[in-house]
S.K.: 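The structure is given below, and queries will be raised subsequently.
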Amino acid sequence: MSAPNAGDTAWVLVCAGLVLFMTPGLAAFYGGMVRTRNVLAMLQQNMIALGVVSLTWVLVGYTIAFGDDAGSGLFGNLELFGLADLKVPPAPNLHVVDGRITIPTLAFVLFQMMFAVITPALVTGATAGRLRFGGWVLFLAVWSVVVYAPIAHWLWHPGGWLAKFGTQDWAGGLVVHASAGAAVLAVLLVVGRRRDWPHTAAPPNSIPLTIVGAGILWFGWFGFNGGDGLQANGLAAQAVLNTHLAAAAAMLVWLALERLTDGHSTVVGAVSGAVAGLATVTPTAGYVNAASAVAIGALAGLVCHFALKLKYLLRLDDALDVLAVHFVGGMLGTLLLGLFGNRGVNPLGADGLFLGGGGGLLWRQLVGVVSVVAFSFVLTWLIAAGVQALIGLRVPPADQERLDQAQQGADAYHLGGVTSLTAPGAPRRRTAAAPAGEPAVPSGQRVRVVTALLEPDPAANSADLRDALLRAGAISVIVSDAAVATTTPQASLLPRGYWQDQPLAARLRVTVLVGADGVAAVLDELDRMGARRSDTFVQEAERVQS
């Protein structure tokens, strides 16, 4: 038996860590694009996969995926249940993956575990705002065993029927993206649409969080695609380079299309294109050269961008466009391998149509796509329908807009427009409060209350706002958030080129207590700050005795 190679083992373990890092990256990527009151729920739906699927993988998922074939090419036997018999016959090669790839089997178990974890987590982007937590946990456990593990066996075990047929999938175009995309189709049929979709859209709560998540995904994808050869060699370098080039090309094409169709090239569009390129190059990363990777990425940016309309054609409420980016990307990359496959890059691969290999590989890739999508869709629908009937998978409609409170009793954010106003001066620790001065108007004397609505931008500096009103004669100033009905709704740009008309516009409500002789000066200051007289009110008031 060969001794484990230290360099290869270290590389695979590093790649396992990179793929693990992708799960919190996916949580942030999705979490930034959902409603403010659903952020914690989205983060938890992704992070819980690390707990649930890790255990199902060790108990039974790994043996179904990579145990000795049961004879049909459909799944492995159960001899490795719970990894209890790794040290006994009849499989001594379990200590080392095989004679050519000498890494400990447990390193391989760990690396593949991370793929099993992130695959079902992709579904959460499509079902945002609709998953009951308990039902989702049960779905994760069953799906990872019944759907994911057999598909992994088909393509990544030498005895799998698609592997023997000649279908190729370097790092998960079929095993990960196509299977998760087909699962999205099935789950959406069970959980249905959000209230009022497609007439209302959910504005993102934090685009910066989404960008951070996308950066983590891009970084982690180097391990996702770079580690699948299980060796630290030139092929790993080629796979990592291909991964990066495809993401870069897809990003630029997506941005160009955004500019042409919407008039803006957005940062959300940039990372959406990059992720589409990453998903599309995944099945090809270890089988094509760098020039082909650029072409694959460019096609991904083009096709996946136009696939955004797919959810409207199918009338499926795919909240964060998982179908367009991951499902279409995974299938597209799998088929493109039939065109760009290059045995000069990887002797274990096959030449595609453009490299003189004829249409044989393309046909085998097409069979793989149809088989994986059909299997995942049917089994996922049965699982989701069963969970819905047993304990419920869809949340009640009343909770869709407040999942964080309904499921966790907490909110992700506690800042409003007023606390976000800027003010001069360095931050400092609080000191003893200065004694309050005598009121400018004696108790019992009548004063005026002036109420106005301001645009947030002109009043962005809280100190300037306060000082100007005090100079005009204000006794006290109160600022609060408000929303006003508009006769002409404000167009708001949403991620990936969508627009939403907002009939309620954000404003600041300023309430000023002032003596009767200072009303005119206060009104003048409010006018200067953009308040309209039609939205400004003056009322008589009386200071009460303290």
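Side-chain atoms are counted along with the backbone in the values below, which use heavy atoms only and exclude waters and symmetry mates. Along the sequence shown, the residues carry numbers beginning at 1.
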S.K.: Identify all side-chain donor-acceptor contacts of residues 6-29 below 3.5 Å with residues at least two apart in sequence or on another chain.
M.R.:
residue, atom, partner, partner atom, Å
D8, OD1, A232, N, 2.9
T9, OG1, N5, O, 2.8
W11, NE1, G226, O, 3.1

S.K.: Assess whether side-chain hydrogen bond (donor to acceptor under 3.5 Å, both in side chains) is satisfied between E79 and T63, documenting all intermediate values.
M.R.: CA-CA 7 Å; E79 290 181 357; T63 189; over 6 Å; no
S.K.: Donor-acceptor pair, D228 side chain versus A171 backbone, under 3.5 Å?
M.R.: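 It does not hold such a pair.
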S.K.: Looking at every non-hydrogen atom in both residues, tell me the closest pair between V325 and C304 and how far apart they are.
M.R.: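 Closest approach of V325 to C304: O-SG, 4.2 Å.
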S.K.: Can you check whether V240's main-chain N or O pairs, donor with acceptor, with N225's side chain at less than 3.5 Å?
M.R.: no
S.K.: Using a 3.5 Å distance criterion without hydrogens, assess whether the side chain of S292 forms a donor-acceptor pair with backbone atoms of V288.
M.R.: no
S.K.: For D399, which residues count as a salt bridge (Lys or Arg N to Asp or Glu O under 4.0 Å) partner, sequence neighbours excluded?
M.R.: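 Result, salt bridge (Lys or Arg N to Asp or Glu O under 4.0 Å) vs D399: R402.
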S.K.: Rounded to the nearest 0.5 Å, how far apart are CD1 of I64 and CG of L59?
M.R.: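 Those atoms lie 11.0 Å apart.
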S.K.: Between W221 and H244, does the ring centre distance come in under 6.0 Å?
M.R.: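 No, they do not, as the ring centres are separated by 6.0 Å or more.
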S.K.: Got T280 and T334 here, is their nearest side-chain heavy-atom distance under 4.5 Å?
M.R.: no
S.K.: Does anything in residues 374-393 form a side-chain hydrogen bond (donor to acceptor under 3.5 Å, both in side chains)? List the pairs, not counting sequence neighbours.
M.R.: W143-T380
S.K.: Which pair of non-hydrogen atoms, one from V145 and one from P150, has the smallest distance, and what is that distance?
M.R.: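 Taking V145 first and P150 second, the nearest heavy atoms are O-CD, 3.2 Å.
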S.K.: Report all side-chain donor-acceptor pairs from residues 108-125 shorter than 3.5 Å, counting only partners two or more places apart or in another chain.
M.R.:
residue, atom, partner, partner atom, Å
T119, OG1, F115, O, 2.7
T124, OG1, N46, ND2, 3.1
T124, OG1, A121, O, 2.8

S.K.: List in chain and number order the residues that pass side chain to side chain donor-acceptor pair (under 3.5 Å) with T210, two or more places apart in sequence or in another chain; answer none if no residue qualifies.
M.R.: none
S.K.: Could you tell me whether the side chain of V39 reaches within less than 4.5 Å of the side chain of L403, counting heavy atoms only?
M.R.: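 L403 vs V39: side chains apart.
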S.K.: Working to the nearest 0.5 Å, report the span between OG of S272 and CH2 of W254.
M.R.: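 Output value for this atom pair is 5.0 Å.
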S.K.: Scan residues 148-173 for pairs that pass side-chain hydrogen bond (donor to acceptor under 3.5 Å, both in side chains), counting only residues two or more places apart or in two chains.
M.R.: D69-H153
S.K.: Could you pull out the closest heavy-atom pair between T282 and G172, with the gap in Å?
M.R.: CG2-N, 3.5 Å
S.K.: Output, in order, the C-alpha distance, side-chain angles, deciding distance and verdict of side chain to side chain contact (heavy atoms under 4.5 Å, CB included) for Q238 and N242.
M.R.: CA-CA 6 Å; Q238 181 74 69; N242 289 346; 2.9 Å; yes
S.K.: Take V345 and L235 through the test side chain to side chain contact (heavy atoms under 4.5 Å, CB included) and record every step on the way to the result.
M.R.: CA-CA 7 Å; V345 172; L235 185 57; 4.2 Å; yes
S.K.: Determine yes or no for a side-chain-to-main-chain donor-acceptor pair under 3.5 angstrom, with R343 supplying the side chain and P347 the backbone.
M.R.: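 Side chain of R343 to backbone of P347, a donor-acceptor pair under 3.5 Å: yes, one is there.
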S.K.: Indicate the atoms forming the closest heavy-atom contact of D318 with K311, along with that distance.
M.R.: O-NZ, 3.0 Å
S.K.: Would you say N233's side chain and A236's backbone share a donor-acceptor pair under 3.5 angstrom?
M.R.: yes
S.K.: Which pair of non-hydrogen atoms, one from A270 and one from L255, has the smallest distance, and what is that distance?
M.R.: N-CD2, 3.7 Å
S.K.: Working to the nearest 0.5 angstrom, can you tell me the gap between Y287 OH and L337 CG?
M.R.: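 Rounded to the nearest 0.5 Å, the OH-CG separation comes to 7.5 Å.
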S.K.: Give a yes or no answer on whether the side chain of N346 reaches the backbone of G286 with a donor-acceptor pair at less than 3.5 Å.
M.R.: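 Present.
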S.K.: Verify side chain to side chain contact (heavy atoms under 4.5 Å, CB included) between L336 and V281, making sure each step is shown before the conclusion.
M.R.: CA-CA 9 Å; L336 289 177; V281 79; over 6 Å; no
S.K.: If you measure from CD1 on I383 to OG on S144, what distance do you get to the nearest 0.5 Å?
M.R.: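 Between I383 CD1 and S144 OG, I get 9.0 Å after rounding to 0.5 Å.
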S.K.: Please give me the minimum heavy-atom distance between A285 and T243, naming the atom from each residue.
M.R.: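 Residues A285 and T243, closest heavy atoms: CB-OG1, 4.2 Å.
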S.K.: Would you call V253 and H305 a side-chain contact if the rule is heavy atoms closer than 4.5 Å?
M.R.: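 No, every pair of side-chain atoms sits at 4.5 Å or beyond.
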S.K.: Is the shortest side-chain heavy-atom distance between L185 and F327 below 4.5 Å?
M.R.: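 Contact flag for L185/F327 side chains = yes.
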S.K.: With heavy-atom distances below 4.5 Å as the criterion, would you say the side chains of Y62 and V58 are in contact?
M.R.: no
S.K.: M331 versus H177: any side-chain heavy-atom pair under 4.5 Å?
M.R.: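 They are not in side-chain contact.
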S.K.: Evaluate the side-chain proximity of D317 to R130: yes if any heavy-atom separation is below 4.5 Å, no if none is.
M.R.: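 A side-chain contact under 4.5 Å exists here.
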S.K.: From I151 CD1 over to L74 CG, what is the distance, rounded to the nearest 0.5 angstrom?
M.R.: 11.5 Å
S.K.: How long is the span from the CZ atom in R194 to the CD atom in Q400, to the nearest 0.5 Å?
M.R.: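 Output value for this atom pair is 8.5 Å.
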S.K.: Measure the shortest side-chain to side-chain distance between I103 and P4 over non-hydrogen atoms and say whether it is less than 4.5 angstrom.
M.R.: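 The answer is no, as the side chains (C-beta and beyond) never meet within the 4.5 Å cut-off.
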S.K.: Counting N and O atoms only, with roles assigned by atom type, does the side chain of Q365 sit under 3.5 Å from a partner on the main chain of G360, one being a donor and the other an acceptor?
M.R.: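 Between the backbone of G360 and the side chain of Q365 there is no qualifying donor-acceptor contact (under 3.5 Å).
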S.K.: Mind running side chain to side chain contact (heavy atoms under 4.5 Å, CB included) on L245 and I296 for me, showing each step along the way?
M.R.: CA-CA 9 Å; L245 291 175; I296 290 168; over 6 Å; no
S.K.: Verify the ring-centre separation between F139 and W136: is it less than 6.0 angstrom?
M.R.: yes
